[in-house]
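Written below as structure tokens is the structure these notes are about.
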Amino acid sequence: MQLGLIGLGKMGGNMRERIRRAGHTVIGYDRNPEVSDVKSLEELVQQLDAPRTVWVMVPAGTATQGVVDELKDLLSPGDTVVDGGNSRWTDDEKHAAELGIKGIGFVDAGVSGGVWGLENGYALMVGGDKAHVEPLEPIFEALKPEGPYGYVHAGRVGAGHFSKMVHNGIEYAMMQAYAEGWELLEKVNSVDNVREVFRSWQQGTVIRSWLLDLAVNALDEDEHLEKLKGFAQDSGEGRWTVEAAIDHAVPLPAITASLFARFASRQDDSPQMKMVAALRNQFGGHAVESK
């Protein structure tokens with residue numbers, strides 16, 4: 001299968017490579033000419049055979065809107081745009097309507113896997129009409145982890161990004177729980193090997209997880225996280241999750257508290273936020289602030 005891919009950053013570049021390894025043709029465009037296969041969006045579209053599929057991996061909001069606006073004028077009826085960034089689900093409905101006027105299909109894909117996705121695969125939560133989603137399944141199969149799981153057609157337009165948003169909200173709460181436990185262990189005098197306590201949890205316990213493995217990785221690199229500042233950003237999806245919970249009257253105390261804890265990290269050098277920052281760096285390559 002042939003695919004155009006816009007945005008070749010940490011995730012987009014690795015996704016291009018993984019899809020190519022599966023035997024598909026990927027033509028990538030990025031503003032950085034050192035990684036781009038073509039010089040412009042127009043050239044990318046020209047090199048694709050109709051009906052074209054163009055996957056967008058750029059920051060949510062203004063950047064994504066700008067690319068959608070350009071593609072609307074470059075693509076033809078029967079082509080499809082996939083937004084694989086972290087867009088808000090309400091933007092998906094808007095983009096689908098804008099492209100639909102021109103006869104262009106739209107699919108939203110929530111993508112999880114971070115910097116590890118090239119080797120491990122990406123979890124994909126997809127929204128859109130069946131007629132637009134099914135032709136793309138060879139690409140989804142190339143990206144997902146090996147085995148029966150990792151890809152789901154979650155529902156209509158917006159369902160993919162809504163599902164990914166909830167996934168990230170859960171992620172916030174899980175990281176916060178590990179961070180709180182780590183701080184408490186560090187505080188007491190009786191425990192003098194916190195890193196190995198975390199390591200002991202990796203087998204046989206009910207709290208073992210990939211996030212726990214990444215926490216141990218971070219502690220191996222900096223046993224007491226002394227090199228990090230207790231500051232953790234939020235990507236926006238935690239806020240959207242809490243907003244959606246309010247709209248639907250669904251109580252989310254753990255996720256909401258974990259979001260507020262990140263806000264608190266911007267006021268003090270929070271010990272808990274050192275662990276959250278370390279975990280975000282481990283699984284997603286997110287920037288950390290050093291002292």
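We count residues from 1, following the sequence as given.
- Proximity of a side-chain donor or acceptor of S36 to a complementary backbone N or O of P33 within less than 3.5 Å is not detected.
- Contact of the D37 side chain with the R16 side chain is registered, since non-hydrogen atoms from C-beta on lie closer than 4.5 Å.
- Within the 4.5 Å cutoff, the side chain of M11 has heavy atoms near those of the V111 side chain.
- Contact detail for E43 and K39: the closest heavy-atom pair is OE1-N, 3.0 Å.
- Using a 4.5 Å heavy-atom cutoff, the side chains of D92 and D83 are in contact.
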The test is side-chain contact (heavy atoms from CB on, under 4.5 Å); show your working for W55 and I139 and say whether it passes. CA-CA 10 Å; W55 189 303; I139 299 299; 3.9 Å; yes
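- The distance from the CD1 atom of I19 to the CZ atom of F140 is 10.0 Å, given to the nearest 0.5 Å.
- How far CG of L279 is from CE of M174: 10.0 Å, rounded to the nearest 0.5 Å.
- For the pair Y122 and N14, the minimum side-chain heavy-atom distance is below 4.5 Å.
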List the steps and the verdict of side-chain contact (heavy atoms from CB on, under 4.5 Å) for Q176 and F260. CA-CA 10 Å; Q176 184 64 27; F260 286 1; over 6 Å; no
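- Side-chain heavy atoms closer than 4.5 Å link hydrophobic residues (I, L, V, M, F, W, Y) into clusters, and following such links, possibly through other members, connects L212 to V194.
- Here the side chains of V81 and K72 are not in contact, with every heavy-atom distance at 4.5 Å or above.
- At distances below 3.5 Å, at least one donor-acceptor pair connects side-chain atoms of S265 with backbone N or O atoms of A232.
- Between the side chain of R208 and the backbone N or O of W201, no donor-acceptor pair lies under 3.5 Å.
- In this model, no donor atom of one side chain and acceptor atom of the other lie less than 3.5 Å apart for Y172 and T241.
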Kindly indicate, with the supporting measurements, whether the criterion side-chain contact (heavy atoms from CB on, under 4.5 Å) is fulfilled by L228 and N281. CA-CA 11 Å; L228 297 179; N281 178 256; over 6 Å; no
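- A heavy-atom distance below 4.5 Å is not found between the side chains of L41 and V45.
- Remark: E119 engages R21 in a salt bridge, criterion side-chain N to carboxylate O under 4.0 Å.
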Solution key, residues 162-170 side-chain donor-acceptor pairs under 3.5 Å, sequence neighbours excluded:
residue : atom : partner : partner atom : Å
S163    : OG   : A159    : O            : 2.8
K164    : NZ   : N86     : OD1          : 3.4
K164    : NZ   : N168    : OD1          : 3.2
H167    : NE2  : S112    : OG           : 3.4
N168    : ND2  : E237    : OE1          : 2.4

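- I255 and M125 fall into different hydrophobic clusters, where Ile, Leu, Val, Met, Phe, Trp and Tyr are joined by side-chain heavy atoms under 4.5 Å apart, directly or via other members.
- Side chains of E221 and N217: a donor-acceptor N/O pair is absent below 3.5 angstrom, by distance only.
- Residue R195 qualifies as enclosed at atom CZ: its count of foreign heavy atoms under 6.0 Å is above 12.
- Under 4.0 Å is where a charged nitrogen must lie from a carboxylate oxygen, and between E186 and K274 no such pair does.
- Residues M1 and L136 meet the side-chain proximity criterion, which asks for heavy atoms closer than 4.5 Å.
- Ion pairing of E17 with R20 is absent here, as no side-chain N (NZ or NE/NH1/NH2) approaches a carboxylate O to less than 4.0 Å.
- Remark: the backbone N or O of G147 is paired with a side-chain donor or acceptor of K144 at under 3.5 angstrom.
- Smallest separation of non-hydrogen atoms from A173 and S258: N-OG, 3.6 Å.
- L184 and F198 are assigned to two separate hydrophobic clusters, defined by single-linkage of ILVMFWY side chains at heavy-atom distances under 4.5 Å.
- Put simply, the side chain of H153 gets close to the backbone of G128: a donor and an acceptor are under 3.5 Å apart.
- For E42, the CD atom is loosely surrounded, since the number of other residues' heavy atoms within 6.0 Å does not exceed 12.
- Remark: side-chain polar atoms of T64 are paired, donor with acceptor, to backbone N or O of P59 under 3.5 angstrom.
- Not one N or O on the side chain of D129 forms a donor-acceptor pair closer than 3.5 Å with the backbone of A131.
- V107 and V67 are assigned to two separate hydrophobic clusters, defined by single-linkage of ILVMFWY side chains at heavy-atom distances under 4.5 Å.
- Following chains of ILVMFWY side-chain contacts shorter than 4.5 Å, one cannot reach W89 starting from V82, and the two form parts of different hydrophobic clusters.
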Worked check of side-chain contact (heavy atoms from CB on, under 4.5 Å) between E98 and Q65: CA-CA 10 Å; E98 292 170 346; Q65 183 65 60; 3.2 Å; yes
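- Side-chain atoms of Q2 come within 3.5 Å of backbone N or O of D49 as a donor-acceptor pair.
- When only modelled atom types and interatomic distance are considered, S87 and D91 share no side-chain donor-acceptor pair under 3.5 Å.
- The two residues V26 and L5 make their nearest non-hydrogen contact at CG1-CB, 3.9 Å.
- Shown are M275, E180, R262, M273; of these, the side-chain contact (heavy atoms from CB on, under 4.5 Å) with M175 is made only by R262.
- Taking the six-membered ring for Trp and thresholds of 30 and 60 degrees, F283 and W210 have ring planes inclined between 30 and 60 degrees apart.
- Here L44 contributes atom CG and L3 contributes atom CG; the two are 8.5 Å apart, rounded to the nearest 0.5 Å.
- Of the possible polar contacts, none joining the R52 side chain to the G4 backbone as a donor-acceptor pair under 3.5 Å is found.
- Taking the six-membered ring where the residue is Trp, F106 and H95 present perpendicular rings, their angle passing 60° and hence far from 30°.
- With hydrogens and angles disregarded, a donor-acceptor distance shorter than 3.5 Å links the side chain of D108 to the backbone of H161.
- In this structure, D79 does not pair ionically with K102, as no charged nitrogen and carboxylate oxygen lie closer than 4.0 Å.
- Counting only heavy atoms from C-beta outward, the side chains of M15 and R18 never approach each other to under 4.5 Å.
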